[in-house]
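We use all heavy atoms of the structure for the numbers below, so side chains are in, but hydrogens, waters and symmetry mates are not. In what follows, residues are counted from 1 in the order of the sequence shown.
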Amino acid sequence: MLASLLELMPLVLFAAVCGVLMLGYPVALSLAGTALIFAGLGYALTQMGVPVPFEARYLSAMPNRLYGIMTNQTLLAVPLFVLMGVLLEKSRVAETLLDAMALAFGALRGGLGIAVVLVGMLLAASTGIVGATVVTMGLLSLPTMLKRGYSPALATGTICATGTLGQIIPPSIALVLLGDVLSNAYQQAQLAMGVWSPKTLSVGDLFIGALGPGLLLVAAYIGYVMIIAWLKPETAPPADRQALMQDLGHSGSLWPLLIKGLIPPVLLIVAVLGSILGGFATPTEASAVGATGAFLLALANRRLSRPMLREVVYSTTQVTSMVFLILIGATLFSLVFRAFGGEELVIELFESLPGGVVGATLVVMVVIFLLGFILDFIEITFVVVPIVGPVLLTMGLDPIWLGIMIAVNLQTSFLTPPFGFALFYLRGVTPESVPTSAIYRGVIPFIVLQLTMLLVLALFPGIATWLPSVL
């Protein structure tokens with residue numbers, strides 16, 4: 001009985017970490033602290049002669065892992081993309097863009113909803129930060145949509161779902177982190193299969209692979225809004241353009257506003273993604289291009305000031321420090337998990353599942369979806385993917401396809417009631433007159449659309465893998 005329990009120590013460690021996180025303790029400290037407690041317990045039991053499967057030598061790799069994290073060129077893209085996103089948020093590029101799109105499409109049935117989706121897509125391709133996009137769209141577009149007679153459920157659901165596009169549309173911070181972790185997992189899997197000249201997986205591959213699914217999701221969102229506006233006109237009525245211009249504080253021709261709002265972010269997106277797709281720059285170099293472009297946009301909009309710059313640098317440092325501290329904690333957790341034989345346990349578990357690689361992939365997707373209720377994408381990327389990634393890739397899965405499936409899955413968990421992070425972000429800026437139940441009702445159709453996208457990707461993996469193979 002005791003021997004069987006000791007063999008399950010990796011699972012007990014994983015459950016303990018989830019429990020500590022649910023108690024509200026900081027993620028990085030929870031990961032590192034719980035791992036150290038279990039490492040101390042394992043070492044003490046081995047010294048007492050208890051036959052616990054614990055290999056203390058794994059912990060000696062921690063200094064090299066730390067050095068590798070701090071010198072990782074791929075992860076250098078994280079602070080630069082965060083800087084770009086915060087600069088765009090503070091320079092009010094989103095506000096001008098949303099006003100222009102609302103005036104362009106507002107006179108159509110469901111036009112404001114379509115404008116929100118298109119602006120959210122451009123913001124996702126500019127900032128890649130889900131929380132910032134949801135909050136910005138909620139503050140700017142929700143009052144106008146409600147005033148123009150939109151159903152609270154449709155308005156809030158559209159904003160929430162559109163905000164999560166930052167998970168899948170490049171340049172996404174989630175894809176940067178996921179690409180780095182999957183790259184290591186892919187090399188481990190190939191070495192385990194006896195491939196001594198392993199192929200590499202880059203963040204750029206994931207960026208390219210995510211374009212197709214991301215644009216399909218945007219089309220699905222727009223299609224849903226148009227169908228609802230046609231079937232239930234009272235939930236998404238057209239807006240009077242003159243009244244809308246008065247509400248937004250604009251007068252004169254629409255075209256100057258449209259050009260001013262649309263061209264700068266589009267040029268920035270072309271500069272960032274175009275340099276990656278054209279092979280002129282790596283994602284890290286492209287992130288520097290994006291940060292410089294965002295700086296110039298803020299300067300052109302006359303929003304650049306010393307207080308604003310101080311706030312931008314502070315926010316960027318805060319987010320970057322959080323990401324790297326979580327990565328360090330997750331690295332320690334991973335080493336202790338392997339010291340207890342967790343990798344072998346996961347392999348045995350997957351091999352015993354019915355359905356082979358299909359059954360194993362399905363179980364992993366369900367687990368990631370459920371963990372998305374209580375963990376952020378950063379924790380799941382750094383904790384879960386290094387455990388299951390090498391095993392699934394050894395079973396023959398395409399690393400790009402697996403990465404895009406995980407990204408879309410995490411995007412879905414951001415929306416799912418009652419714990420979806422996007423729901424919390426929007427609830428914080430939504431008027432009290434809009435009940436929480438309306439937000440929950442509003443996101444359900446979009447969750448169905450995203451789950452459908454997962455199914456389509458599973459049946460037609462070429463949606464994610466074709467473009468990277470061509471480029």
Side-chain angles (χ1 to χ4, degrees), residues 117 120-121 124 130 157-158 160-170 172 174-175 177-179 181-182 185 201 205-224 350 353-377 380-381 384-385 387-389 391-393 395-417 419-423 440 442-468:
V117 174
M121 175 189 71
V130 171
T158 304
C160 272
T162 304
T164 61
L165 288 172
Q167 287 284 105
I168 187 68
I169 293 183
S172 162
L175 292 178
L177 301 176
L178 194 59
V181 172
L182 275 178
L201 171 71
D205 294 330
L206 282 187
F207 278 8
I208 298 169
L211 282 174
L215 293 176
L216 282 177
L217 274 178
V218 171
Y221 291 173
I222 292 176
Y224 169 73
F350 280 7
L353 288 173
V357 65
V358 175
T361 306
L362 183 60
V363 168
V364 169
M365 289 298 153
V366 171
V367 169
I368 288 177
F369 178 77
L370 296 176
L371 286 176
F373 293 161
I374 58 174
L375 301 179
D376 200 353
F377 74 91
I380 294 176
T381 300
V384 180
V385 178
I387 294 173
V388 301
V391 183
L392 290 177
L393 294 174
M395 299 173 81
L397 292 183
D398 185 283
I400 297 176
W401 176 83
L402 180 61
I404 303 304
M405 288 286 286
I406 292 173
V408 176
N409 196 348
L410 289 174
Q411 181 185 355
T412 305
S413 67
F414 257 80
L415 282 179
T416 307
F419 303 114
F421 285 96
L423 309 179
Y440 288 177
V443 298
I444 288 174
F446 293 96
I447 294 172
V448 172
L449 289 176
Q450 291 187 349
L451 292 175
T452 303
M453 174 56 65
L454 274 176
L455 180 60
V456 170
L457 279 172
L459 296 176
F460 305 100
I463 296 174
T465 60
W466 175 76
L467 191 57

Participant: Quick check: closest heavy atoms across I208 and P468, and the distance to 0.1 Å?
Facilitator: CG2-N, 3.7 Å
Participant: Which pair of heavy atoms, one from A407 and one from I168, lies closest together, and at what distance?
Facilitator: CB-CD1, 3.9 Å
Participant: To the nearest 0.5 Å, what is the distance between CG (L402) and CE (M395)?
Facilitator: 11.5 Å
Participant: How about Q167 and L175: do any of their side-chain heavy atoms sit closer than 4.5 Å?
Facilitator: no
Participant: What pair of heavy atoms forms the shortest contact from A220 to L449, and how long is it?
Facilitator: O-CD1, 3.8 Å
Participant: Which pair of non-hydrogen atoms, one from G442 and one from P445, has the smallest distance, and what is that distance?
Facilitator: O-CD, 3.4 Å
Participant: Do any N or O atoms from the side chain of W401 and from the backbone of L457 form a donor-acceptor pair under 3.5 angstrom?
Facilitator: yes
Participant: To the nearest 0.5 Å, what is the distance between CD1 on I169 and OG1 on T162?
Facilitator: 9.5 Å
Participant: Less than 4.5 Å apart, side chain to side chain, heavy atoms only: is that true for L397 and M405?
Facilitator: no
Participant: Supply the atom-to-atom distance I404 CD1 to D205 CG, rounded to the nearest 0.5 angstrom.
Facilitator: 10.0 Å
Participant: Kindly give the heavy-atom pair with the smallest separation between F446 and L415, and that separation in Å.
Facilitator: CB-CD1, 4.3 Å
Participant: Given side chain to side chain contact (heavy atoms under 4.5 Å, CB included), test L423 with Y440 step by step and report yes or no.
Facilitator: CA-CA 8 Å; L423 309 179; Y440 288 177; 3.6 Å; yes
Participant: Show the nearest heavy-atom pair for residues L217 and Q411, with the distance to one decimal.
Facilitator: CD1-OE1, 3.5 Å
Participant: To the nearest 0.5 Å, what is the distance between CZ on F207 and CG on L467?
Facilitator: 14.0 Å
Participant: Between CG of L370 and OG1 of T416, what distance do you get to the nearest 0.5 Å?
Facilitator: 9.5 Å
Participant: Distance from L454 atom CG to N409 atom CG, nearest 0.5 Å?
Facilitator: 5.5 Å
